[in-house]
Amino acid sequence: MHSYLKSIGFSEIGGKKEVDKILKDVVNNYDEKVVVEDRPNHLFAELSKIYGCDFGITVCGEYDENNEFQMEYYFPYFRGTGIATQEEVMIEKHAGKESFAGAIDDVRVGVTIIFYLQNAGAYLTERSHGTYAGGAYPVTLAALAKEGKILLPVKKDENQEIKEKENSVNRSRMIAAARNGDEEAMENLTMEDIDTYSMISGRISNEDLYSIVDTYFMPYGMECDLYNVMGEITDFSRVRNIATDERIYELRISCNDLDLDICINKNDLIGEPEVGRRFKGVIWLQGNVHF
């Protein structure tokens with residue numbers, strides 16, 4: 001069973017028979033279907049069924065010579081809203097199956113963002129038509145979380161917020177300049193990191209860590225598309241899975257100036273979300289590339 005099924009409201013599934021029943025429902029009663037001949041005599045198929053507001057299950061496979069669908073793999077999905085970033089996107093196939101990972105270098109985050117590609121069918125269609133040439137594309141990022149916590153916000157006055165926004169813009173410019181070989185920008189970034197370390201060292205003995213660090217975005221564990229994040233909640237909604245009636249939270253957070261939508265089961269979230277509070281948890285990052 002996929003470990004993130006419970007994130008979209010399938011937490012009470014007992015075993016393989018129940019999973020197979022759900023997957024059969026997706027194949028027989030899909031809401032969306034994409035079929036593409038990605039190589040000679042091979043039809044890749046992507047079938048998706050919606051089980052709630054912007055979330056569901058996608059089953060991928062191929063059609064055989066008898067025109068019967070053969071499932072290869074499946075994954076739960078959650079589709080975010082808006083455009084999170086518009087940078088150069090690199091797409092690579094996973095080694096074990098016909099699924100894909102996307103990668104973006106975004107200066108706001110400071111690390112290469114690697115995500116699980118939700119719309120593999122659209123990518124294969126573009127590639128088979130010869131219209132995909134790489135480059136920058138708008139990307140909508142979303143994530144599933146198996147567990148998470150709600151933290152209180154850090155108290156700031158208006159001047160602090162304005163100063164932080166200015167510092168964030170300046171840092172993004174310096175990172176972009178450093179990538180282009182600007183030695184002065186590299187030195188400034190190094191000095192800024194030293195000052196930050198000194199500030200944290202001075203405050204950590206008297207303050208809680210989460211009153212000093214109010215947002216972060218860090219790779220987590222061995223898998224490249226898992227991240228440990230903390231960000232400010234800018235919007236949220238309570239929805240339900242239409243098949244199981246389980247309650248789901250959909251959170252929109254601002255994390256290192258990156259807007260991200262997160263889907264989590266209500267039973268797996270500690271605390272009550274409110275706008276202005278913070279979400280902290282480990283997420284499986286997914287992305288929809290708008291070709």
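Quick caveat, the model's predicted, so the values are computed rather than measured. The figures here come from the full heavy-atom set of this structure, side chains too, leaving out hydrogens, waters and symmetry mates.
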Taken to the nearest 0.5 Å, the spacing of Asp54 CG from Ile8 CD1 works out to 12.0 Å

Heavy-atom closest pair (Phe55 atom, Phe78 atom, distance to 0.1 Å) is CB-CD1, 4.1 Å

**Study point:** SB check Lys6 Asp268 (cutoff 4.0 Å)
**Key:** yes

Checklist entry - When the ring centroid of Phe10 is compared with that of Tyr51, is the distance short of 6.0 Å? => result yes

Sorted by chain and residue number, the side chain to side chain contact (heavy atoms under 4.5 Å, CB included) partners of Ser201 (sequence neighbours excluded) come out as Tyr197

* Can you check whether Thr234 reaches Val275 side chain to side chain, under 4.5 Å on heavy atoms? -> no

For Cys60 and Phe44, run side-chain contact (heavy atoms from CB on, under 4.5 Å): C-alpha distance rounded to whole Å, both residues' side-chain angles, the deciding distance at 0.1 Å, then the answer. CA-CA 7 Å; Cys60 297; Phe44 173 85; 4.0 Å; yes

Grouping I, L, V, M, F, W and Y whenever their side-chain heavy atoms are under 4.5 Å apart, do Val111 and Met186 come out in a common cluster? no

Q.
With a 6.0 Å cut-off (strictly less than), is the heavy-atom count around NZ of Lys266, excluding the residue itself, greater than 12?
A. no

Practice task
With salt bridge (Lys or Arg N to Asp or Glu O under 4.0 Å) as the test, would you mind laying out the steps for Glu272 and Arg238 before giving the verdict?
Solution key: CA-CA 11 Å; Glu272 191 68 25; Arg238 301 177 181 89; 2.9 Å; yes

OG1 of Thr85 to CZ of Phe115, rounded to nearest 0.5 Å, is 9.5 Å

Rounded to the nearest 0.5 Å, the OG atom of Ser211 sits from the NZ atom of Lys155 at a distance of 13.5 Å

Do Ser254 and Glu232 meet the criterion of a side-chain donor-acceptor pair at a distance under 3.5 Å? no

Using the rule given for side-chain contact (heavy atoms from CB on, under 4.5 Å), can you reason through Cys255 versus Tyr216, listing the C-alpha separation, both sets of side-chain angles and the distance that settles it, and then say yes or no? CA-CA 6 Å; Cys255 180; Tyr216 60 74; 5.9 Å; no

Interatomic distance, CD1@Ile262 vs CG@Leu251, rounded to 0.5 Å, equals 6.5 Å

Run the numbers on Leu151 and Met230 for side-chain contact (heavy atoms from CB on, under 4.5 Å), then give the verdict. CA-CA 9 Å; Leu151 304 181; Met230 181 169 67; 3.5 Å; yes

query: Around Gln86, counting heavy atoms of other residues, nucleotides and ligands shown, do more than 12 lie under 6.0 Å from its CD?
result: yes

Parallel, tilted or perpendicular: rings of Phe75 and Tyr77 (30°, 60°): perpendicular

If we only count heavy atoms from C-beta on, is the Ile22 to Ile13 side-chain gap below 4.5 Å? yes

Heavy atoms of Trp284 and His2 approach each other most closely as CZ3-CE1, 3.5 Å

The reported gap from OH in Tyr116 to CG in Leu226 (rounded to nearest 0.5 angstrom) is 12.5 Å

Task: Audit row: Thr112, Asp105, side-chain hydrogen bond (donor to acceptor under 3.5 Å, both in side chains) steps and yes/no - done: CA-CA 5 Å; Thr112 299; Asp105 282 322; 2.6 Å; yes

On a heavy-atom basis, the closest approach of Val109 and Asn256 is O-ND2, 3.8 Å

CD1 (Ile253) and CZ (Arg277) are apart, to the nearest 0.5 Å, by 16.0 Å

Handout entry: Arg79 and Glu32 ion-paired at < 4.0 Å
Key = yes

Do Phe291 and Thr125 have side-chain heavy atoms sitting under 4.5 Å apart? no

Exercise. When you check the side-chain N and O atoms of Gln70 and Glu62, is any donor under 3.5 Å from an acceptor?
Worked result: no

* Kindly check if the number of other-residue, nucleotide or ligand heavy atoms within 6.0 Å of NZ (Lys93) is above 12? => yes

Test your reading of the model: is there a side-chain donor-acceptor pair from Tyr227 to the backbone of Ile114, 3.5 Å cut-off? yes

Given side chains that start at C-beta, do those of Ile83 and Thr140 come closer than 4.5 Å, heavy atoms only? yes

Notebook entry, point to check: Looking at Lys24 and Asp20, does any basic side-chain N land under 4.0 Å from a carboxylate oxygen?
Noted result: no

Going hydrophobic residue to hydrophobic residue with side-chain gaps under 4.5 angstrom, can you get from Tyr123 over to Met90? no

Count the heavy atoms belonging to other residues, nucleotides or ligands that lie under 6.0 Å from CD of Glu192, then report whether that count exceeds 12. yes

So salt bridge (Lys or Arg N to Asp or Glu O under 4.0 Å) across residues 33-53, not counting sequence neighbours, yields Arg39-Glu98

Note to self: So does Glu68 get a backbone contact from the side chain of Asn66, meaning a donor-acceptor N/O pair under 3.5 Å?
What the structure shows: no

Query - Asp245 with Arg240: basic N within carboxylate O range, under 4.0 Å - result: yes

**Asked** Any side-chain heavy atom of Ser48 sitting closer than 4.5 Å to one from Ile57?
**Response** no

Heavy-atom nearest pair, Ile242 first then Ile50, reads CD1-O, 3.9 Å

same_hphob_cluster(Tyr249, Leu152) at 4.5 Å side-chain heavy-atom cutoff
no

Counting C-beta onward and ignoring hydrogens, is there a side-chain heavy-atom pair between Glu250 and Asp261 closer than 4.5 Å? no

Kindly say whether the aromatic ring centers of Tyr63 and Phe69 come within a distance under 6.0 Å.
yes

message = Grouping I, L, V, M, F, W and Y whenever their side-chain heavy atoms are under 4.5 Å apart, do Val229 and Val154 come out in a common cluster?
response = no

Check your understanding: Under a 4.5 Å cut-off applied to non-hydrogen side-chain atoms, are Phe279 and Lys149 in contact?
Key -> no

**Q.** Atom CD of Glu18: over 12 foreign heavy atoms under 6.0 Å
**A.** yes

Heavy-atom closest pair (Gly287 atom, Leu141 atom, distance to 0.1 Å) is CA-CD2, 4.1 Å

Practice prompt. List the steps, then state whether side-chain contact (heavy atoms from CB on, under 4.5 Å) holds for Met199 with Ile212.
Written response: CA-CA 9 Å; Met199 179 270 292; Ile212 302 171; 4.1 Å; yes

Within-4.5 Å side-chain heavy-atom neighbours: Arg278 and Ile150
no

Nearest heavy-atom approach of Gly121 to Val36 is O-CG1, 4.2 Å

| said: Could you check whether any side-chain N or O of Gln118 sits under 3.5 Å from a backbone N or O of Val289, counting only pairs where one atom can act as donor and the other as acceptor? | reply: no

- prompt: More than 12 non-hydrogen atoms from neighbouring residues, nucleotides or ligands closer than 6.0 Å to OH on Tyr30, yes or no?
  reply: no

Discussion item. Taking atom CD as the centre, does Glu184 end up with more than 12 heavy-atom neighbours from other residues, nucleotides or ligands that are less than 6.0 angstrom away?
Written reply: no

Query raised in the report: Do you see a donor-acceptor pair shorter than 3.5 Å between the side chains of Asn241 and Glu246?
Result: no

Shared hydrophobic cluster for Val34 and Met71 (ILVMFWY, side-chain gaps under 4.5 Å) | no

If we ignore angles and hydrogens, is there a donor and acceptor under 3.5 Å between the side chains of Tyr4 and Asn265?
no

